[in-house]
2 protein chains.
Amino acid sequence: MTAPLQSPRRRTRIQQEKRDVILDAALDVFSTHGYRGATIDQIAEAAGMSKPNLLYYFKGKEDIHATLIHRLLETWLAPLKELDDIGDPLTEIRSYIRRKLEMARDFPRESRLFANEMLQGAPRIMPMLEGELKSLVDEKAEVIKGWMRAGKIARTDPWHLIFAIWATTQHYADFDVQVRAVLGPDRGGDGRFEDAARLLEQLFLEGLRPRGQVS
Amino acid sequence: MTAPLQSPRRRTRIQQEKRDVILDAALDVFSTHGYRGATIDQIAEAAGMSKPNLLYYFKGKEDIHATLIHRLLETWLAPLKELDDIGDPLTEIRSYIRRKLEMARDFPRESRLFANEMLQGAPRIMPMLEGELKSLVDEKAEVIKGWMRAGKIARTDPWHLIFAIWATTQHYADFDVQVRAVLGPDRGGDGRFEDAARLLEQLFLEGLRPRGQVS
DNA sequence: CGAAATTTTGACCGAATGGACAAACGTTAG
DNA sequence: CTAACGTTTGTCCATTCGGTCAAAATTTCG
């Protein structure tokens, strides 16, 4: 009867478990149908419980989605944060690409949830894009610029470089169906991520190899 | 009273016009909310007509969406088809990137409609992906392989190379909000496509510059 | 055990949804 | 003018939607 939702501390272990089950089911539904296309009934069924039961754990559709988005963003920016000023630039970039590609492989639903939000015009996370995300990217762009000034990598636009890394890696989560369909049953298996990694490493590392100007 | 829908030939000019207005409105709605998230009322309002009036021109929601998808696919594959065996490989690839980037700039809604379909698992165009698209990509991959064998460009996986071009260019349509937000009001203006073009050309052309093996 | 708290559910509600229909409106050619 | 055809809309319908509620079932704990 009492509402277990607002209190900062989740009480029972059951509550935490059920919330996780719901969020997992909701991630399935939201990531494939978007916010408006998803229904609570669908989520409830996927979570193996009745709709009122689900609404006992979450205030409503919006609440579930917000929780999901919030969780997502925490892990989403982690790889970029790790991009470090110390260490060999090209190694750093290769590591970043690797990490992003692993995320596309291991958390494709999260990637699609994010993509859906973008396609809809990011109505729920616009402030975060203009705030936290922009700050982080600007900061890392400065790091990359430093590498360019030092002649460690070729000069180019750091922001668009980051976009290119995002685009190419997330593509394997967001457009997974297309990738599989085009590669066919033979090459579309688990090996596609290694193949992608090879191509992307060559592309970015060779594309960024320093040349020309002397430091 | 008579149904003007099924006959292959559209009769009046009014019918053609109204259908175009509806499709334009529907493209807005479907591309931002996905199939399930879009509503006929929404489309009708965006098209400036009543719902029954809209349903006079199209059999239903499915019909509108199918027409839209069908139209989209015709123009979507055109750039890749133009990728030609004749001509300098690097120039061909640069042209292809340019064309794809122009499409992201000029037809972002079409790109988002396609992206939405992918996120949903491509339920309505799976056969086309495995058929027409795969054939075309396989064909062009052969062309690219020829260039590699001839030592014109560096050896790499042609399929994933194509994926990388798709991903990076369509990113500017599908993730437009994010790109704008991160670049900020100053750099997020119209110039972002030229900046993107520069980065992508450098990335792909330098990343693919032939080296090592002699032909 | 048994009482209190937690969890689950069936029934229900108003609003929105995709769609049907016939009546009304407009246009045009004889 | 008017009959025929094309176009538009108000009304209606069954279903689904997000969400509520009180009662029932279950768990927890003294």
Side-chain angles (χ1 to χ4, degrees), chain A residues 1-30 32-69 120 123-124, chain B residues 1-23 25-26 28-30 32-69 120 123-124:
Chain A
M1 188 67 66
T2 32
L5 323 148
Q6 27 263 31
S7 61
R9 276 211 168 267
R10 312 287 178 260
R11 296 201 184 108
T12 74
R13 213 156 298 134
I14 293 180
Q15 278 182 14
Q16 192 54 277
E17 283 172 16
K18 288 298 176 75
R19 281 179 66 97
D20 285 347
V21 170
I22 292 169
L23 287 175
D24 188 73
L27 182 54
D28 269 349
V29 179
F30 279 127
T32 58
H33 294 292
Y35 181 77
R36 291 209 50 191
T39 73
I40 296 187
D41 296 85
Q42 223 180 333
I43 299 171
E45 196 195 334
M49 64 181 70
S50 66
K51 181 169 60 173
N53 194 193
L54 184 150
L55 289 170
Y56 170 71
Y57 292 102
F58 287 92
K59 260 175 289 188
K61 189 180 178 180
E62 181 80 42
D63 184 25
I64 306 174
H65 191 261
T67 306
L68 228 38
I69 288 279
Q120 288 156 28
R124 288 160 239 279
Chain B
M1 187 67 65
T2 32
L5 323 147
Q6 28 265 29
S7 60
R9 276 213 169 266
R10 314 282 178 261
R11 295 198 184 109
T12 74
R13 214 156 295 136
I14 293 180
Q15 278 182 13
Q16 193 55 276
E17 283 172 16
K18 288 298 176 74
R19 281 179 64 98
D20 284 347
V21 170
I22 292 170
L23 287 175
D28 269 348
V29 179
F30 279 127
T32 58
H33 294 293
Y35 182 76
R36 292 209 47 190
T39 73
I40 297 186
D41 297 84
Q42 224 179 333
I43 298 171
E45 196 196 333
M49 64 181 68
S50 66
K51 180 168 62 173
N53 193 194
L54 183 150
L55 288 170
Y56 170 72
Y57 291 103
F58 287 91
K59 261 176 288 190
K61 189 179 178 181
E62 181 80 44
D63 184 24
I64 306 174
H65 191 262
T67 307
L68 227 37
I69 288 281
Q120 288 157 29
R124 289 160 237 278

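Residue numbering restarts at 1 for every chain, and letters A, B, ... go by the order of the sequence lines. FYI, side chains are in, hydrogens and waters are out, and symmetry mates aren't considered; it's all heavy atoms of this structure.
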Query raised in the report: Between B/Tyr56 and D/dT8, is there a side-chain N or O to OP1/OP2 distance below 4.0 Å?
Result: no
Taking N or O atoms only and anything under 3.5 Å, show me the protein contacts with nucleotides 16-20 of chain D, one pair per line.
{"unit_1": "D/dC17", "atom_1": "OP1", "unit_2": "B/Arg36", "atom_2": "NH2", "d": "3.3"}
{"unit_1": "D/dG18", "atom_1": "OP1", "unit_2": "A/Ala38", "atom_2": "O", "d": "3.2"}
{"unit_1": "D/dG18", "atom_1": "OP1", "unit_2": "A/Lys61", "atom_2": "NZ", "d": "3.1"}
{"unit_1": "D/dG18", "atom_1": "OP2", "unit_2": "A/Ile40", "atom_2": "N", "d": "2.8"}
{"unit_1": "D/dG18", "atom_1": "N7", "unit_2": "A/Lys51", "atom_2": "NZ", "d": "2.9"}
{"unit_1": "D/dG19", "atom_1": "OP2", "unit_2": "A/Lys61", "atom_2": "N", "d": "2.8"}
{"unit_1": "D/dG19", "atom_1": "N7", "unit_2": "A/Lys51", "atom_2": "NZ", "d": "3.4"}
{"unit_1": "D/dG19", "atom_1": "O6", "unit_2": "A/Lys51", "atom_2": "NZ", "d": "3.3"}

Requested in this report: May I have the distance from B/Leu54 (atom CG) to C/dC21 (atom P), rounded to whole angstrom?
Outcome: 17 Å
Query raised in the report: Tell me: CD of A/Glu17 to C1' of C/dT6, nearest whole Å?
Result: 14 Å
Query raised in the report: Can you name the residues that form a side chain to side chain contact (heavy atoms under 4.5 Å, CB included) with B/Thr67, not counting sequence neighbours?
Result: B/Arg19, B/Leu23, B/Phe58, B/Asp63
Query raised in the report: To the nearest 10 degrees, how far apart in direction are the end axes of the helix from C/dC1-D/dG30 to C/dG30-D/dC1, each fit to five base pairs?
Result: 0°
Query raised in the report: Does A/Gln15 put a side-chain nitrogen or oxygen below 4.0 Å from OP1 or OP2 of C/dT6?
Result: no
Report task. Please name all residues satisfying side chain to side chain donor-acceptor pair (under 3.5 Å) with B/Asn53, sequence neighbours left out, ordered by chain then number. Result -> none
Report task. Check side chain to side chain contact (heavy atoms under 4.5 Å, CB included) between A/Ala38 and all other residues, then give those that pass, not counting sequence neighbours. Result -> A/Val29, A/Phe30
Requested in this report: Please determine if a side-chain N or O atom of A/Asn53 lies less than 4.0 Å away from the OP1 or OP2 oxygen of C/dT9.
Outcome: yes
**Report entry** Distance in Å, B/Ile22 CD1 paired with B/Leu68 CG, rounded so as to fall on 0.5 Å steps
**Finding:** 11.5 Å
Requested in this report: Please collect all salt bridge (Lys or Arg N to Asp or Glu O under 4.0 Å) contacts where either partner lies in residues 40-57 of chain B, sequence neighbours excluded, each pair once.
Outcome: B/Asp41-B/Lys51
Report summary line: The reported gap from CD in B/Gln120 to CZ in B/Arg36 (rounded to nearest 0.5 angstrom) is 9.5 Å
Report summary line: Value for CG (A/Leu27) from CD1 (A/Ile43), rounded to nearest 0.5 Å, stands at 10.0 Å
**Report entry** Interatomic distance, A/Gln16 CD vs C/dT7 C1' [rounded to whole Å]
**Finding:** 16 Å
**Report entry** Spacing of B/Ile43 atom CD1 relative to C/dA16 atom P, expressed in whole Å
**Finding:** 18 Å
Query - Non-neighbouring partners of B/Glu62 that pass salt bridge (Lys or Arg N to Asp or Glu O under 4.0 Å), sequence neighbours left out - result: B/Arg124
